[in-house]
Colleague: 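The following block contains the structure, expressed as structure tokens.
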Amino acid sequence: GKGAYAKMVATLKLTAEQKPKFQALQKEQNEFMAEQKKRSAEEKKEAGKPYYKARNAKLKELFTEEQLTQWKAFQAKQRAAREKKAKEKK
């Protein structure tokens with residue numbers, strides 16, 4: 001949830017220069033996710049691949065090695081939690 005995300009952002013210790021760029025990327029992602037909701041599963045895949053490739057490239061440019069490692073660890077943890085939830089729903 002929001003708490004885990006806020007904690008992760010704090011852990012990244014973004015610089016004054018990084019913060020607005022990161023926020024812009026997150027805003028972009030929120031808008032993309034809203035668009036994705038209107039798409040079919042097939043369209044989501046089609047749109048998702050280039051989007052996430054571009055996003056990851058931008059994050060790589062933005063973050064230091066350490067930040068990137070922390071970010072990837074957070075993403076993996078979130079993904080695992082989502083998959084666990086999905087399994088429990090069945």
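Small disclaimer: the values here were computed from a predicted structure and weren't measured.
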Colleague: Going from CD on Glu35 to NZ on Lys44, what distance comes out if it is rounded to the nearest 0.5 angstrom?
Modeller: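 Answer for the CD-NZ pair, Glu35 versus Lys44, is 12.0 Å.
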Colleague: Evaluate the criterion side chain to side chain contact (heavy atoms under 4.5 Å, CB included) for residue pair Gln18 and Lys21; output intermediate values, then yes/no.
Modeller: CA-CA 5 Å; Gln18 285 176 315; Lys21 291 178 185 172; 5.8 Å; no
Colleague: Would you compute the distance between atom NZ of Lys89 and atom NZ of Lys85 and round it to the nearest 0.5 angstrom?
Modeller: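 So the gap between those two atoms works out to 7.5 Å.
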Colleague: Using the rule that two of Ile, Leu, Val, Met, Phe, Trp, Tyr join whenever any of their side-chain heavy atoms come within less than 4.5 Å, decide whether Leu25 and Val9 are in one cluster.
Modeller: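 Linked, Leu25 and Val9 end up in one cluster.
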Colleague: Which label fits Phe22 and Tyr5: parallel for a plane angle under 30°, tilted from 30 to 60°, or perpendicular past 60°?
Modeller: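 Phe22 and Tyr5: parallel rings.
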Colleague: Mark yes when over 12 heavy atoms from residues, nucleotides or ligands other than Glu88 sit less than 6.0 Å from its CD; otherwise mark no.
Modeller: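 Correct, the count exceeds 12.
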Colleague: Could you give the distance from CD (Gln29) to CD (Gln26), rounded to the nearest 0.5 Å?
Modeller: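 Answer for the CD-CD pair, Gln29 versus Gln26, is 5.5 Å.
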Colleague: Any chance you could lay out the salt bridge (charged side-chain N to carboxylate O under 4.0 Å, His left out) test for Arg79 and Glu83, step after step, and finish with the verdict?
Modeller: CA-CA 6 Å; Arg79 195 172 300 122; Glu83 283 165 10; 5.4 Å; no
Colleague: Supply the atom-to-atom distance Gln70 CD to Thr64 OG1, rounded to the nearest 0.5 angstrom.
Modeller: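 The OG1 atom of Thr64 is 7.5 Å from CD of Gln70, to the nearest 0.5 Å.
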Colleague: Which of these, Gln36, Glu28, Met33, sits in a side-chain contact (heavy atoms from CB on, under 4.5 Å) with Tyr51?
Modeller: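 Filter result, single survivor: Glu28.
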Colleague: So, for Gln67 and Leu62, which heavy atoms are closest and what is the spacing to 0.1 Å?
Modeller: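 Shortest heavy-atom separation between Gln67 and Leu62 comes out as OE1-O, 4.3 Å.
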Colleague: Rounded to the nearest 0.5 Å, how far apart are CZ of Phe63 and CG of Leu12?
Modeller: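 Going from CZ on Phe63 over to CG on Leu12, the span is 5.0 Å.
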Colleague: Working to the nearest 0.5 angstrom, can you tell me the gap between Leu59 CG and Arg55 CZ?
Modeller: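 Rounded to the nearest 0.5 Å, the CG-CZ separation comes to 5.0 Å.
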